[in-house]
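Just below is one structure, and these are the notes that go with it.
Excluded from the calculations below are hydrogen atoms, water molecules and symmetry mates; all remaining heavy atoms, backbone and side chain alike, are included. Below, chains carry the letters A, B, ... as their sequence lines are ordered, and counting in each starts from 1.
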2 protein chains.
Amino acid sequence: MADSDKTDEVLNQSVQERLLNAAEDIFCEKGFEGTSIRDIAASAGCNIASVNYYFGGKQQLYEQVWKRHLIPMKDSRLQSIEKILLQNTKKHTLEDLIKSFAESFIGSIVDSQKVSNLNKLMAREYINKHLPANMFLEEVMMPTVTAMQKALIEAFPDINEEKIPFIVFSLIGQLVHVVHVRAMFENGIDDLTRKLFDSDEVINHIVKFTCAGIRTYIKENK
Amino acid sequence: MADSDKTDEVLNQSVQERLLNAAEDIFCEKGFEGTSIRDIAASAGCNIASVNYYFGGKQQLYEQVWKRHLIPMKDSRLQSIEKILLQNTKKHTLEDLIKSFAESFIGSIVDSQKVSNLNKLMAREYINKHLPANMFLEEVMMPTVTAMQKALIEAFPDINEEKIPFIVFSLIGQLVHVVHVRAMFENGIDDLTRKLFDSDEVINHIVKFTCAGIRTYIKENK
DNA sequence: CACCTTATTAAACGAGTGTTTAATACGGCA
DNA sequence: TGCCGTATTAAACACTCGTTTAATAAGGTG
């Protein structure tokens, strides 16, 4: 199994790349503490000492795994917001904005398996922090939340502005919950929850549900 | 510090009780892997071997820590639902039901510190499972979800029944997110998120937001 | 060729883990 | 008192972990 991974294509990658890829897979599956650098090195087909030689240690390898994805992840989410707002037509609806954001968050479109794994690792990071300071928080979460708040305020000025943080909280809460529930039921899902794995149906629900909630906060005066 | 814990009151407890209490505190703070039985034994003021003598090992001690709370936790949530439904007056509103459930979930009422710690440990358990099979899922989550779904169907038959699972999903997603965000910001919260620690304000929002979302699914025919 | 930097390796290190063992202390009972 | 089951202990065990070391190999440059 480990040997079959070492295809020509893989072996053509540099040791650093192989380590990063192997580390990402195993970290996603087993979390930081659950992963040993011996596992990583074996999967990457190189010596344990390479981890320290190239990255300086397990911790810093973990950080590099993240840094490869944090900025693209953040950018993807920000772009999903801007994509809607910058439509030259002014007829973008609240539903459009929420839907575009939800899709980029859950990752129903591109590379869903990889996004799902990263989301799972991110869920771990919520609870057991291994990244320095609040790297993930400051580089991904806060910019995303802030951008979403700003988008709502600017595009839909009728919404009660001081409730915007709560609205974004509810939206992200639901989206994160999708990731968690999927992780919980990754082995043996039952009928009731299987639909949560159908991104379209979940997203449609979240969009409808959230927009209704948002419209509760529309100011009376217009 | 460890010695100061050993007040007379604590020492009067049995070794089992002291181990369970110490284990609960440290497990909540550091998670399963992050906790060593040496830490637990030291905090409980007894020998490491006691863990294996009384509980059979770290894993089984962890399970006992949970079993002390799972049933009461589940019962608390179920009762919060029934409390509303069984009011002899028929004038319970959707808001009453959601609010009562949310309060029992977040634990704004009783013993908020302990509930918060357990919720944090539960958040860990979502991601890194250490309980056998799906003990938490089957003994707490599923009964709670099922009861909530049933309550909504019976008390508010106007709601589109096949959307009920999604509704409960969105509600619980928001409630769990409160726990997660609180855990993330436990050190150094900023102004924007401080309000999330005010249970009243968060709960009021979630109730309003969720009820609006639910009413989206009210059938047209009446 | 000799030289030097970079890569890669097997082996060892030291610390920490959960668990087990074997010895000791306690406390009721005959 | 002597016995016995329970409780508690210090020590050892076997193992895994991340990291370090020191030796070897590779590859380009003079």
Side-chain angles (χ1 to χ4, degrees), chain A residues 2-3 5-6 8 10-66 121 124-125 128-132, chain B residues 2-3 5-6 8 10-66 121 124-125 128-132:
Chain A
D3 286 331
D5 286 342
K6 304 175 193 171
D8 294 339
V10 171
L11 283 177
N12 282 341
Q13 298 175 337
S14 72
V15 177
Q16 285 103 318
E17 285 175 300
R18 270 151 49 204
L19 278 173
L20 280 171
N21 291 330
E24 179 172 317
D25 289 342
I26 307 182
F27 277 139
C28 284
E29 187 187 353
K30 302 185 177 180
F32 183 79
E33 280 104 354
T35 299
S36 74
I37 62 173
R38 283 172 175 81
D39 291 339
I40 296 173
S43 173
C46 62
N47 194 271
I48 349 170
S50 302
V51 171
N52 285 274
Y53 182 77
Y54 285 109
F55 296 95
K58 180 188 182 183
Q59 172 72 34
Q60 292 153 77
L61 170 59
Y62 182 77
E63 293 171 18
Q64 289 304 318
V65 165
W66 270 109
L121 188 56
R124 296 184 203 265
E125 190 67 26
N128 270 46
K129 298 184 183 60
H130 299 290
L131 295 177
Chain B
D3 288 331
D5 286 341
K6 304 176 194 170
D8 295 339
V10 171
L11 284 178
N12 282 340
Q13 298 175 336
S14 71
V15 178
Q16 286 103 320
E17 284 174 301
R18 271 151 49 204
L19 279 173
L20 279 171
N21 290 331
E24 179 171 318
D25 290 342
I26 307 181
F27 277 139
C28 283
E29 187 186 353
K30 302 184 177 181
F32 182 79
E33 281 105 354
T35 300
S36 74
I37 62 173
R38 282 172 177 81
D39 291 338
I40 295 173
S43 172
C46 63
N47 193 272
I48 7 169
S50 302
V51 171
N52 284 276
Y53 183 77
Y54 284 109
F55 296 94
K58 180 189 183 183
Q59 172 72 35
Q60 292 152 77
L61 170 60
Y62 183 78
E63 293 171 19
Q64 290 303 318
V65 165
W66 270 108
L121 188 56
R124 296 184 203 264
E125 190 66 27
N128 270 42
K129 298 184 184 61
H130 299 290
L131 294 178

Among [options], which nucleotide has an atom closest to any side-chain atom of [X]?
X	options	answer
B:Arg38	D:dA12, D:dT9, C:dA10	D:dA12
A:Cys46	C:dT9, D:dT9, D:dG18	C:dT9
B:Tyr54	D:dC17, D:dT8, D:dT19	D:dT8
A:Tyr53	C:dT19, D:dT6, C:dT6	C:dT6
B:Ala49	C:dT19, D:dA10, C:dA10	D:dA10

Legend entry - Presence of B:Ser36 side-chain N/O under 4.0 Å of C:dT17 phosphate oxygens OP1/OP2: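 It does, given that an N or O in the side chain of B:Ser36 lies less than 4.0 Å from OP1 or OP2 of C:dT17.
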Quick check against the 3.5 Å criterion: does [X] have a side-chain atom that pairs as donor or acceptor with the backbone of [Y]?
X	Y	value
A:Glu29	A:Thr35	no
B:Glu17	B:Gln13	no
B:Lys58	B:Val51	no

Inset, instruction - Assign each of A:Asp39 and A:Asn47 to its nearest nucleotide of DNA chain D by heavy atoms, then name whichever residue's nucleotide is nearer the 5' end. - result: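 Looking at DNA chain D, the more 5' nearest nucleotide goes with A:Asp39.
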Legend entry - Sugar-phosphate, base or nothing in reach of B:Val51, heavy atoms under 4.0 Å: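 Contact class for B:Val51: none.
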What is the distance, rounded to the nearest whole Å, between atom [atom1] of [X] and atom [atom2] of [N]?
X	N	atom1	atom2	value
A:Ile48	D:dT16	CD1	P	13 Å
A:Glu33	C:dG16	CD	P	16 Å
A:Leu19	D:dT19	CG	P	13 Å
B:Ile37	D:dT16	CD1	C1'	15 Å

